[in-house]
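Structure record follows, encoded as structure tokens.
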Amino acid sequence: MVSLTADMSPLHPDRNLALELVRATEAASIRAVPFIGRGDKEAADGAAVDAMRAFFSTVNFDGTIVIGEGEKDNAPMLYNGERVGSGRGPQCDVAVDPIDGTSLTAAGRQNALSVIAVSDQGSMLDASSVFYMDKLVTGPAGVGVVDIRLPIGENIRLLAKALGKPVDEIVVSVLNRPRHEQLVADIREAGAGTRLMSDGDVAGGINAARHNARTDMCVGIGGSPEGIVTACAIKALGGHIQGVLAPRTDDEKEKGRDAGLQVDGEVYEADGLVKGKNTIFVATGVTDGQLVQGVRREGDFLYTESVVLRGASGTLRRISSEHLTSKWL
């Protein structure tokens, strides 16, 4: 089996895989452009899925989608279990979200991304049977300091001390959902500020882990697929991530248990979400955000901004690309 670690050898230039995958997220983002602000999130997602799938076939890797658009019967493209890539090259687990933030795209709001995450075959947690996960994400300062089992106020105080700044300068990202009303109240009671996100769970987690971002922590219940994708990025950033699966019903809990998942409040540490450091995370902006700028159209050209994070090397690269409009739209 060819591993993602092969890219550390000059005989196996598989580090190019990370850069090749950018073409797929760029394509998905560009194809979503006509639907930005048009109120049709299904159409935006469909266009992005079609574009990403087409580009996957040109990339030299042997991937299996662990986290996709759903089960085969309900998602004819990029479904869980689908094989992608040319079939040659490293064997990988793949997580895709052609648009993380379809509602954001449809509304023309910030922080919509096209995302791909890749890791060694068999290393990515398949949490598809339980849709939601409670997450705690910070930058490197939170490693060995914060813990999702502690009250949020205590985690805020511990992180503030580790960062060397007062609690009232700590900013915590939370999805703006009714289920988080008490969490938001507790954060503010502890003296920290909040940044409420309408969507964009992945971008929120990554921004909390970046050393020069405006937020220090991302907490709350979001999608479990987004938690796995975020973990791939956090491995490259050296940050902290923990997750606790949050089944909504007894039936969902039983399905999770049957799938071998821990569904009774157990904590998944970073290596429980994605094993090892051989991860690749690629994202291209659909709309503007803190992580990357969205697709910009100026006459005959389209401009995209992407980030590539590799766990093996601990690098974050930014890629700005210029595309001829006539080739795309």
(request) Start with the C-alpha distance between Leu163 and Ile170, add both sets of side-chain angles, then the distance that settles side-chain contact (heavy atoms from CB on, under 4.5 Å), and finish with yes or no. (result) CA-CA 9 Å; Leu163 289 170; Ile170 296 290; 3.9 Å; yes
(request) Starting from the C-alpha separation in whole Å, work towards a yes-or-no answer on side-chain contact (heavy atoms from CB on, under 4.5 Å) for Val96 and Ile67. (result) CA-CA 6 Å; Val96 298; Ile67 297 169; over 6 Å; no
(message) Evaluate Asp126 against Ser128 for side chain to side chain donor-acceptor pair (under 3.5 Å), listing each step before the verdict.
(response) CA-CA 6 Å; Asp126 180 359; Ser128 56; 2.7 Å; yes
(message) If you apply the rule side-chain contact (heavy atoms from CB on, under 4.5 Å), what do you find for Thr138 with Val145, and how did you get there?
(response) CA-CA 10 Å; Thr138 74; Val145 173; over 6 Å; no
(message) Using the rule given for side-chain contact (heavy atoms from CB on, under 4.5 Å), can you reason through Thr25 versus Met52, listing the C-alpha separation, both sets of side-chain angles and the distance that settles it, and then say yes or no?
(response) CA-CA 6 Å; Thr25 56; Met52 182 175 283; 4.2 Å; yes
(request) Show your working on salt bridge (Lys or Arg N to Asp or Glu O under 4.0 Å) between Lys277 and Asp120 and close with a plain yes or no. (result) CA-CA 9 Å; Lys277 292 187 176 295; Asp120 284 332; over 6 Å; no
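Between the side chain of Thr287 and the backbone N or O of Arg109 there is at least one donor-acceptor pair closer than 3.5 Å. Here the side chain of Glu82 pairs a donor or acceptor atom with the backbone of Tyr79 at under 3.5 angstrom. Looking only at distances, no side-chain donor or acceptor of Asp100 sits under 3.5 Å from a matching main-chain atom of Gly200. Formation of a donor-acceptor pair under 3.5 Å by the Ser224 side chain with backbone atoms of Met133 is not found in this model. Checked by atom type and distance alone, the side chain of Asn207 pairs as donor or acceptor with a backbone atom of Ala203 at under 3.5 Å. Of the possible polar contacts, one joining the Asp93 side chain to the Gly122 backbone as a donor-acceptor pair under 3.5 Å is found. Thr105 contributes a side-chain N or O that, together with a main-chain N or O of Gly101, makes up a donor-acceptor pair within less than 3.5 Å. Although no hydrogens or angles enter the test, the distance criterion places no donor-acceptor pair under 3.5 Å between the side chain of Ser29 and the main chain of Glu26. A donor-acceptor pair is defined here as one N or O able to donate and one able to accept, closer than 3.5 Å; no such pair exists between the side chain of Glu226 and the backbone of Asp201. Between the side chain of Ser86 and the main chain of Arg88, a donor-acceptor pair closer than 3.5 Å is present.
Criterion: ILVMFWY side-chain heavy atoms under 4.5 Å apart, direct or through other members. Under it, Val137 and Leu159 are not part of a common hydrophobic cluster. Cluster annotation: Leu324 is not connected to Ile30 through the hydrophobic network of ILVMFWY side chains, with a link wherever side-chain heavy atoms come within less than 4.5 Å. Hydrophobic clustering (ILVMFWY, side-chain heavy atoms < 4.5 Å, transitive): Leu113 and Leu302 are in distinct clusters. Residues Val115 and Leu309 share a single hydrophobic cluster, defined by chaining ILVMFWY side chains whose heavy atoms lie under 4.5 Å apart. Under the 4.5 Å side-chain heavy-atom criterion for ILVMFWY residues, no single connected hydrophobic cluster contains both Val292 and Leu19.
Taking 4.5 Å as the limit, some side-chain heavy atom of Leu261 sits within range of a side-chain heavy atom of Leu125. For the pair Phe61/Val84, a side-chain contact is recorded, criterion being any heavy-atom separation below 4.5 Å from C-beta on. Inter-residue side-chain proximity for Ile206 and Val307 is flagged as unmet; no heavy-atom pair is nearer than 4.5 Å. Contact annotation: the side chain of Ser198 never approaches that of Asn176 to less than 4.5 Å [non-hydrogen atoms, C-beta and beyond]. Gln242 places none of its side-chain heavy atoms less than 4.5 Å from the side chain of Val244. Under the 4.5 Å side-chain criterion, counting only non-hydrogen atoms from C-beta, Asn278 is not in contact with Ser123. Counting heavy atoms from C-beta outward, His240 and Ile234 have side chains that stay 4.5 Å or more apart. Inter-residue side-chain proximity for Asp199 and Asn111 is flagged as unmet; no heavy-atom pair is nearer than 4.5 Å.
Atom CG of Leu183 and atom CZ of Arg177 lie 13.0 Å apart (nearest 0.5 Å). Atom CD of Gln293 sits about 9.5 Å away from atom OG of Ser320, to the nearest 0.5 Å. Residue Asp186 holds its CG atom at 8.5 Å from CD1 of Ile156, rounded to the nearest 0.5 Å. Atom CG of residue Leu21 and atom CZ of residue Phe56 lie 6.0 Å apart, to the nearest 0.5 angstrom. In this structure, Phe35 CZ and Asp40 CG are separated by 7.0 Å, a value rounded to the nearest 0.5 Å. The structure places OG1 of Thr279 at 12.0 Å from CG of Leu273, a figure rounded to the nearest 0.5 Å.
In terms of heavy atoms, Ala44 sits closest to Ile99 at O-CD1, 3.5 Å. The shortest non-hydrogen separation linking Phe281 to Ala233 is CG-CB, 3.6 Å. Across Leu136 and Asn155, no two heavy atoms sit closer than the pair CD2-ND2, 4.0 Å. When all heavy atoms are compared, the tightest approach of Ala127 to Leu245 is CB-CD2, 4.2 Å. Between Val22 and Ser306, the shortest heavy-atom contact is CG1-OG, 3.7 Å. Heavy-atom minimum distance, Ser129 versus Ala259: OG-CB, 3.6 Å.
In this pair, Phe55 and Trp328 present their aromatic rings parallel. The plane angle is below 30°, not in the 30 to 60° band.
Between Arg257 and Glu266, no side-chain nitrogen of the basic residue sits less than 4.0 Å from a carboxylate oxygen of the acidic one, so the salt-bridge criterion is not met. Ionic pairing of Asp147 and Arg149 is present here: one or more N-O contacts between side-chain nitrogen and carboxylate oxygen are shorter than 4.0 angstrom. Salt bridge status for Asp271 with Lys235: present, with a side-chain N to carboxylate O gap under 4.0 Å.
Remark: Arg83 CZ is loosely packed, at most 12 non-hydrogen atoms of other residues, nucleotides or ligands lying under 6.0 Å away. Remark: Arg179 CZ is packed, more than 12 non-hydrogen atoms of other residues, nucleotides or ligands lying under 6.0 Å away. Other residues, nucleotides and ligands contribute more than 12 heavy atoms inside 6.0 Å of the CD atom of Glu154.
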Show the atom names and distances, to 0.1 Å, of all donor-acceptor pairs under 3.5 Å that link a side chain in residues 213-221 to residues at least two apart or in another chain.
from: Asp216; atom 1: OD1; to: Lys165; atom 2: NZ; distance (Å): 2.9
from: Asp216; atom 1: OD2; to: Lys165; atom 2: NZ; distance (Å): 3.4
from: Asp216; atom 1: OD2; to: Val171; atom 2: N; distance (Å): 2.8

Determine all donor-acceptor pairs shorter than 3.5 Å in which one atom belongs to a side chain in residues 294-301; sequence neighbours excluded.
from: Arg296; atom 1: NE; to: Glu298; atom 2: OE2; distance (Å): 2.7

